[in-house]
Protein chains: 2
Amino acid sequence: MSAEERLERATRLCAGRGARLTPQRARVLRILIEAERPLGAYEILAEMAEGQRALAPPTVYRALEFLLAQGLVHRLETLNAFIDCRHPERPHPAQFLICSACGRVVEIDDEAIAARLLDAATQSGFAASRKVVEVIGVCEGCR
Amino acid sequence: MSAEERLERATRLCAGRGARLTPQRARVLRILIEAERPLGAYEILAEMAEGQRALAPPTVYRALEFLLAQGLVHRLETLNAFIDCRHPERPHPAQFLICSACGRVVEIDDEAIAARLLDAATQSGFAASRKVVEVIGVCEGCR
DNA sequence: GCGCAAAACGTTATATTGTATCTTTTCGTG
DNA sequence: CACGAAAAGATACAATATAACGTTTTGCGC
């Protein structure tokens, strides 16, 4: 799926929800989509500054906040970075494989893991709201 | 298990490994053990400053680096905080349930989740080295 | 179209978390 | 005790994130 197609899908999704994917927000999303790797907020900020007057951090953080709420991007806690989501249509367990060699990230969506984790949390009396699962390792290509 | 007992256990473990649990490192560990909740590096720093001349951040970060390497503490990625480990004797999958209401953290060690996750990573060609699993939710007491 | 309220955005300043680098001290070993 | 390695001290700074506040834009009911 091309960058354009993904942007269009995002536009459609937001329209259907009455959420406003403003040009600024779309720009942040485009940068993430085209990067094909996780970007830090300040990397995004630097990208956005290209050929324009510089923006301030809150601009990017606010756009990210919106995109996260819409499920269009994910936050990688171990990297303090953000990556666009490959299947934003429906809720899904977002689990990440992070290659410490090349920096690429693969999103997997293993329902079994999510279910087992939810189960374990419930058994401990926890009402789970967010699940963070990130595996650091070395990808096939880097070995 | 009391704070003293846990400190003694840590001392024993380090001695057995030829690792030096210096007074400074033991102090950081004690602070974490007595806190009974995750602490940020700068919170630890503040604790250590009590009644002494202030220390610099690298002091704490270096002690934490050692304690992490020894498996005596864990790092909570979603909180940027640290917590002492309850079973540092042997390697174990460290999964955390984090209560967003009271801030308490429960460490569970579900081998099934770890195995399933390792399996999923392997299937994607990943050689996993570290697994981060954190569930944010509300604990029994807070509901 | 007009006026209004909410949402989005701009701007400045600052808080929080984490490192690089160099020097000094401590500790175990020969 | 002398030596080398490990640890700790000290200074400065980098990277990440948010608070606070004012301005502009937008959607909406009239």
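Numbered from 1 within each chain, the chains take letters A, B, ... in sequence-line order. Remember, it's a predicted structure, so these values are computed and weren't measured experimentally.
Within a 6.0 Å radius of CZ in B:R104, other residues, nucleotides and ligands contribute 12 heavy atoms or fewer. Surrounding CD of A:E65 are at most 12 heavy atoms belonging to other residues, nucleotides or ligands under 6.0 Å away.
At a cut-off of 3.5 Å, with distance as the only test, no side-chain donor of A:E111 or A:H92 sits close to an acceptor on the other residue. Residues B:T78 and A:E77 have side chains that never bring a donor and an acceptor to within less than 3.5 angstrom of each other.
Less than 4.0 Å separates DNA chain C from at least one heavy atom of each of the following residues of residues 62-81 of chain A: A:R62. Contacts of residues 24-45 of chain A with DNA chain D (heavy atom under 4.0 Å): A:Y42.
Here the two rings, on B:F96 and B:H74, have centers that are under 6.0 Å apart.
Minimum atom distance to the side chain of A:Y61 is reached by D:dT16, of the listed C:dT19, C:dT12, D:dT16. For A:L55, taking side-chain heavy atoms from C-beta onward, the closest of the listed nucleotides D:dA7, C:dG10, C:dT19 is C:dG10.
One finds no salt bridge joining B:R30 and B:E47 here, because no Lys/Arg side-chain nitrogen approaches an Asp/Glu carboxylate oxygen to under 4.0 Å.
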Atom pairs, protein N/O to nucleotides 24-30 of chain D N/O, distance under 3.5 Å:
none

- Take B:E43 and B:R37, measure what salt bridge (charged side-chain N to carboxylate O under 4.0 Å, His left out) needs, and give me the verdict at the end. CA-CA 11 Å; B:E43 285 183 283; B:R37 66 180 182 91; 3.1 Å; yes
- Step by step, would you call A:L55 with A:Q24 a side chain to side chain contact (heavy atoms under 4.5 Å, CB included)? CA-CA 11 Å; A:L55 294 172; A:Q24 188 114 256; 3.8 Å; yes
- Message: Show, in sequence, the C-alpha distance, side-chain angles and deciding distance for B:E89 and B:R9, and conclude whether the salt bridge (charged side-chain N to carboxylate O under 4.0 Å, His left out) test is met.
- Response: CA-CA 9 Å; B:E89 305 86 356; B:R9 178 178 56 177; 2.8 Å; yes
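Taking only side-chain nitrogens and oxygens, A:T22 comes nearer than 4.0 Å to OP1 or OP2 of C:dC9. For the pair A:T59 and C:dG10, the criterion of a side-chain N or O lying under 4.0 Å from OP1 or OP2 is met.
Distance check: B:L72 CG to B:L13 CG gives 6.5 Å after rounding to the nearest 0.5 Å.
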